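Here is the structure we will look at, set down as structure tokens.
Computed from a prediction, not measured in an experiment: that's the story for all the values here. Chain naming here is simple, since letters A, B, ... match the order of the sequence lines and numbering starts at 1 in each.
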Amino acid sequence: VRLGPIIAAAAVWAAIAPAAAEAPAATTRHPSILVSRQLAARAHLAVGDVVTLGRDPQGSRRAEFRIGGIYEPTPDPMRFTASRIEARLHLPDLVDLVADPADPASRESANAINVRLADPADAGPFSFDAMARAPGVIVRPASRSREDDPFAVLDRFHVAISVVTMIGGTAFLLALMVIRAEERRETVGILRLVGISRRTLLASVAVEGVLIAALGAVFGIVIAVASEGLVNRVFQARYDTALVFVRVTPSIALRAIVIAAPLGILAGIAASWTLLRRDLLSIIRR
Amino acid sequence: MTALNLAWRTVRRYRAQTLLAITGVAVIGALLFDMLLLSRGLLLSFADLLDRGGYDVRIVSGGGMTLRLPIPGSSGIARAVAALPEVERVVSLRMMTATLQVNGQPRAANMTLVGVSDVGAGLWTIVRGSNLADSASGGTCPLVVGRQLAQTLGLSVGSDVRLNAEESGVASALPPVDCRVVGIGQFAFSVPGSDDAATTLPAFYRASGEAREGDADLILVASRDTAGPERAVAAIQRLRPGASVYSNEDVVEQFNRSGFAYFRQISIVLSSLTMVFAFLLVATLLTVSVNQRLGEIAALRAIGIGRRRIAAMLMWESALLVGVGGLLALPLGEALALGLDHILRQMPGLPEQLHFFVFERRALVIHAGLLIATAFAAAAYPMWLTARMPIAATLRREVVD
């Protein structure tokens, strides 16, 4: 059950109430609540403290609770910028706090009911059936399809940026390989003069390309793994969340190598071909 | 011969590597340019959408901008606010989910129905037919429907439809209301996949079965030019202490702090990465290129060309690579931005007219500044290398050996 406004008001009161609530704590048995790590840090709360929660900032209706635990809110990528100033109450305690005494029905109402179906595939038909049986009630499947998922869109965006970066990187790699091929002009000329074929020279360049690309990819992965913790720590501190922002998985590492290796080979061969396709006399500048 | 001439001859001599280096700078520069556009694009686009209707102040319920709840006593508030000297005009809005069905056809569509107190409110752009205010043919329930809804149900101006104040599939005892489409419009905050229609407040109340004038979900206020939105907000807060009143700038600022944070962060991270990437690549290219030409540079020094001119030549080489690449990056970046914008706009729940990449002069200036800094930084090491190069020893090593 989600009760947003109540939780916010509770947070306001929890932030100001511990000192006022200390006196009666010794003799009264208070219902327990959980507070989020962020709320505990902001309001300097500890397990065992007695706090007063109110349904509004004026504290027109309030009750005392004992903090039974401090919890880390489940990281939610959709809300990572929100400060998680939250408290969790047992539903009857919350109802006691917020229900309107003049309206007996208010004790029976909840903002939302979460349902776990035996078969998740029934979510659509179940929604229609429930709405037909309970007029005025809106029933929505909670699971997201690939089309509804904003993270699928972000994924496509990141892939597009990776492709652009790769194109730019390939152009630079080609330029470097062209310079390198030009540097070896004399060596290549001598090798051709002693009878080594173009194919053998290209094969040697390809092997060299594989080695350089593989080493480059491994180096890149090492940098990514080394910076993973730093990036996560910076963003976790910035947004006060346990959300993991960067994770280098084996599949991502493998994908990097699988893309980098052929690119390295192609760049090496293309650059060498600009030299090897020339006439032998032209290579040795004669 | 000037340093620029020397640099020009070098880049012409090594055409293939120059072209490849310029291509690399152009692609990376395009990405950098796009990240600069992304850094504020969504905010600019959002601010433009808010301003487009001509209203610069919003009054909402105590739930703030994120929760759409009715504003208690909204009619009284709207009347009192309209009388303020800082205020030009006021419009109250009601919103609800409803179903629209073409008379005599089984097809029905769920949509968001907006009821407005001022039928001339510029919250949508009429693309066919007339606005609610201008039409006498709409009877007691004139409707302006969104283009998407018109397409879905095959509606045109003059179509007779039935309006039901519940979603399709939800059991309801409310009788449907007969309406007529007077115009087809483009709604500023229309979301792909969800349909919109607007009508007058009396028609809205009839459809929702409310016995009396209900509370509005949103009150929009246009401040007078002489007062401005900040003074209008202050005046409304004096009139109704504790009311949730926001200027468009406040709304954009809230959006900037919450919903936009991810794109601001990714833009900063990717801009920094592309800058480092461009610097490393140009610096590596220039260094390798200088190492390849050490003998040539030593010979230039030996015939009397000074250190300063050689350094200037390398500076110009870097400037030519980065400058030409940076210029090409602008049209390339615009084209790339279209593609990336298309991808990001597939995000569910975003208004159709919201864009992530919006051009502004500031981005262009920052882009130029960052590329100039990159050109200088990338040329620094090769310049230092050639400045401390022993001429005789280098000539012996490179030429004689």
Can you tell me if [X] has over 12 outside heavy atoms packed within less than 6.0 Å of its [atom1]?
| X | atom1 | answer |
| --- | --- | --- |
| R198(A) | CZ | yes |
| F235(A) | CZ | yes |
| H342(B) | NE2 | no |
| R42(A) | CZ | no |

| field | Spatial distance of atom CZ (R293(B)) from atom CD1 (I179(A)) [nearest 0.5 Å] | value | 9.0 Å
| task | Find the distance between CZ (F157(A)) and CD1 (I343(B)) and round it off to the nearest 0.5 Å. | result | 8.0 Å
| message | Test of understanding: with ring-ring contact (aromatic ring centres under 6.0 Å, His included), list the residues that count as partners of F357(B), not counting sequence neighbours. | response | none
| Who are the ring-ring contact (aromatic ring centres under 6.0 Å, His included) partners of F277(B), not counting sequence neighbours? | none
| In terms of heavy-atom pairs under 4.5 Å, which option from T274(B), T18(B), I266(B) contacts chain A the most? | I266(B)
| request: Could you give me the CA-CA distance, side-chain angles and deciding distance for M347(B) and L154(A), then say whether side chain to side chain contact (heavy atoms under 4.5 Å, CB included) is met? | output: CA-CA 8 Å; M347(B) 206 165 273; L154(A) 287 180; 3.7 Å; yes
| note | By residue number, those in residues 161-177 of chain A with heavy atoms under 4.5 Å from heavy atoms of chain B are I161(A), V164(A), T165(A), I167(A), G168(A), G169(A), A171(A), F172(A), L174(A), A175(A), L176(A)
| Between Q292(B) and R180(A): side-chain donor-acceptor atoms closer than 3.5 Å | no
| task | Take F245(A) and V269(B), measure what side chain to side chain contact (heavy atoms under 4.5 Å, CB included) needs, and give me the verdict at the end. | result | CA-CA 12 Å; F245(A) 288 80; V269(B) 169; over 6 Å; no
| message | Please classify the contact of L270(B) with chain A as side chain, backbone, both or neither, using a heavy-atom distance under 4.5 Å. | response | side chain
| note | Okay, L350(B) and chain A: the region with an atom under 4.5 Å from a heavy atom over there is neither
Without placing hydrogens or testing angles, list every side-chain donor-acceptor pair under 3.5 Å for residues 20-27 of chain B, not counting sequence neighbours.
unit_1	atom_1	unit_2	atom_2	d
T23(B)	OG1	L19(B)	O	2.7

